[in-house]
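Below is one structure, written out as structure tokens, with a few remarks after it.
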Amino acid sequence: MKILVDADACPVKDIIVRVAKKFDIEVFMFADTNHILNDNYSTIITVDQGKDSVDIKLVNNIQKGDIVITQDYGVATVALSKHAYALNQNGLIYDNDNMDRLLFERFLSQKIRKSGRKMKGNKKRNNSDNQNFEKALTNICIKAIDNHEK
């Protein structure tokens with residue numbers, strides 16, 4: 001079991017490392033050559049720039065029971081199909097019950113943008129987002145460890 005992070009635009013890398021250390025879980029941060037990551041705990045995997053290059057490398061490394069942190073619904077869907085856990089940087093835990101709705105909402109948003117209408121941007125990140133993420137990651141780590149030991 002390990003934690004895999006879509007690290008290009010991930011605002012919670014420090015929280016991931018802190019929680020992983022607490023549970024002694026390996027962390028793999030995936031980023032393209034546009035991003036310089038330095039971390040004494042994580043293994044940094046750097047890939048060439050290119051459409052979905054980070055996502056492809058990450059999903060090829062997912063194994064059953066891993067924890068995947070990503071904003072990308074496609075990566076989360078693949079993680080779930082491989083019986084891994086998936087959550088985003090705000091603590092939203094992806095599961096089979098919410099994935100269809102999330103993908104449909106993304107589809108509708110794309111249609112609205114293509115028609116020329118503007119969408120509201122994401123709200124500014126705040127400390128409660130970090131707290132929600134840390135709580136969700138901690139709970140998933142506990143669940144993953146319990147399931148791994150069975």
Side-chain angles (χ1 to χ4, degrees), residues 1-103 105-107 109-110 113 119-149:
M1 177 185 66
K2 59 195 174 293
I3 297 174
L4 306 168
V5 183
D6 186 350
D8 280 344
C10 182
V12 290
K13 292 185 277 290
D14 56 334
I15 297 171
I16 294 165
V17 169
R18 184 171 60 244
V19 172
K21 283 179 178 179
K22 186 166 70 169
F23 291 102
D24 194 27
I25 300 172
E26 284 184 286
V27 175
F28 294 83
M29 302 261 183
F30 294 80
D32 69 26
T33 55
N34 284 327
H35 299 86
I36 309 255
L37 301 178
N38 293 311
D39 181 344
N40 294 331
Y41 185 80
S42 304
T43 300
I44 309 298
I45 298 173
T46 306
V47 300
D48 289 333
Q49 296 176 32
K51 184 171 174 31
D52 300 325
S53 60
V54 171
D55 298 342
I56 291 166
K57 185 71 171 179
L58 191 153
V59 299
N60 285 330
N61 283 276
I62 298 172
Q63 295 178 337
K64 181 179 181 179
D66 286 345
I67 300 167
V68 177
I69 300 167
T70 183
Q71 298 179 56
D72 187 297
Y73 296 160
V75 172
T77 300
V78 172
L80 294 176
S81 75
K82 291 186 173 195
H83 304 285
Y85 303 92
L87 70 155
N88 77 4
Q89 75 283 354
N90 295 328
L92 171 68
I93 298 171
Y94 300 110
D95 60 32
N96 293 323
D97 294 330
N98 66 14
M99 190 51 65
D100 285 340
R101 177 184 53 80
L102 292 168
L103 289 169
E105 288 173 357
R106 181 178 74 175
F107 168 75
S109 294
Q110 287 171 339
R113 283 192 303 277
M119 298 289 297
K120 275 188 174 180
N122 292 333
K123 65 180 174 132
K124 186 173 172 136
R125 184 166 192 81
N126 61 45
N127 196 41
S128 68
D129 293 324
N130 291 338
Q131 292 169 349
N132 290 337
F133 174 78
E134 186 165 358
K135 182 178 178 184
L137 179 58
T138 299
N139 290 337
I140 287 214
C141 287
I142 291 167
K143 184 176 180 180
I145 289 167
D146 286 347
N147 288 335
H148 185 71
E149 292 175 352

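Small disclaimer: the values here were computed from a predicted structure and weren't measured.
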Looking at every heavy atom in both A9 and Q71, which two are closest together, and how far apart are they?
O-NE2, 3.5 Å
Measure the spacing between OG1 of T138 and NZ of K143 and express it to the nearest 0.5 Å.
14.5 Å
From CA spacing to verdict: side-chain hydrogen bond (donor to acceptor under 3.5 Å, both in side chains), Y85, N139
CA-CA 11 Å; Y85 303 92; N139 290 337; over 6 Å; no
R125 side chain near Q89 side chain, heavy-atom distance below 4.5 Å
yes
Suppose we screen for side chain to side chain contact (heavy atoms under 4.5 Å, CB included). Which residues come up paired with V75, at least two apart in sequence or across chains?
D55, L58, V59, V68, T70, D72
Residues in side chain to side chain contact (heavy atoms under 4.5 Å, CB included) contact with K82, at least two apart in sequence or another chain
I62, V78
Does anything in residues 8-18 form a side chain to side chain donor-acceptor pair (under 3.5 Å)? List the pairs, not counting sequence neighbours.
D8-H35, R18-E134
Go through the structure and list residues passing salt bridge (Lys or Arg N to Asp or Glu O under 4.0 Å) with D66, not counting sequence neighbours.
K2
Can you list the residues that meet the side chain to side chain contact (heavy atoms under 4.5 Å, CB included) rule with D95, with sequence neighbours excluded?
D97, N98
Under the side chain to side chain contact (heavy atoms under 4.5 Å, CB included) rule, what do V54 and D6 come out as? Steps first, then yes or no, please.
CA-CA 7 Å; V54 171; D6 186 350; 3.6 Å; yes
Work out which heavy atom in G65 is nearest to a heavy atom in A144; give both atom names and the distance.
O-CB, 4.1 Å
Residue set satisfying side-chain hydrogen bond (donor to acceptor under 3.5 Å, both in side chains) with N34, at least two apart, ordered chain then number -> Q49
The criterion is side chain to side chain contact (heavy atoms under 4.5 Å, CB included); which residues satisfy it with N61, sequence neighbours excluded?
F30, K57
Rounded to the nearest 0.5 Å, what separation is found between the CG atom of N90 and the CG atom of N130?
8.5 Å
side-chain hydrogen bond (donor to acceptor under 3.5 Å, both in side chains) involving N88 - partner list, sequence neighbours excluded:
none
Distance-only donor-acceptor hits, side chain of residues 41-48, under 3.5 Å, sequence neighbours excluded:
{"from": "Y41", "atom 1": "OH", "to": "I25", "atom 2": "O", "distance (Å)": "2.8"}
{"from": "S42", "atom 1": "OG", "to": "D39", "atom 2": "OD2", "distance (Å)": "2.6"}

Minimum heavy-atom separation for L87 and I93, please, with both atom names.
CB-CA, 4.1 Å
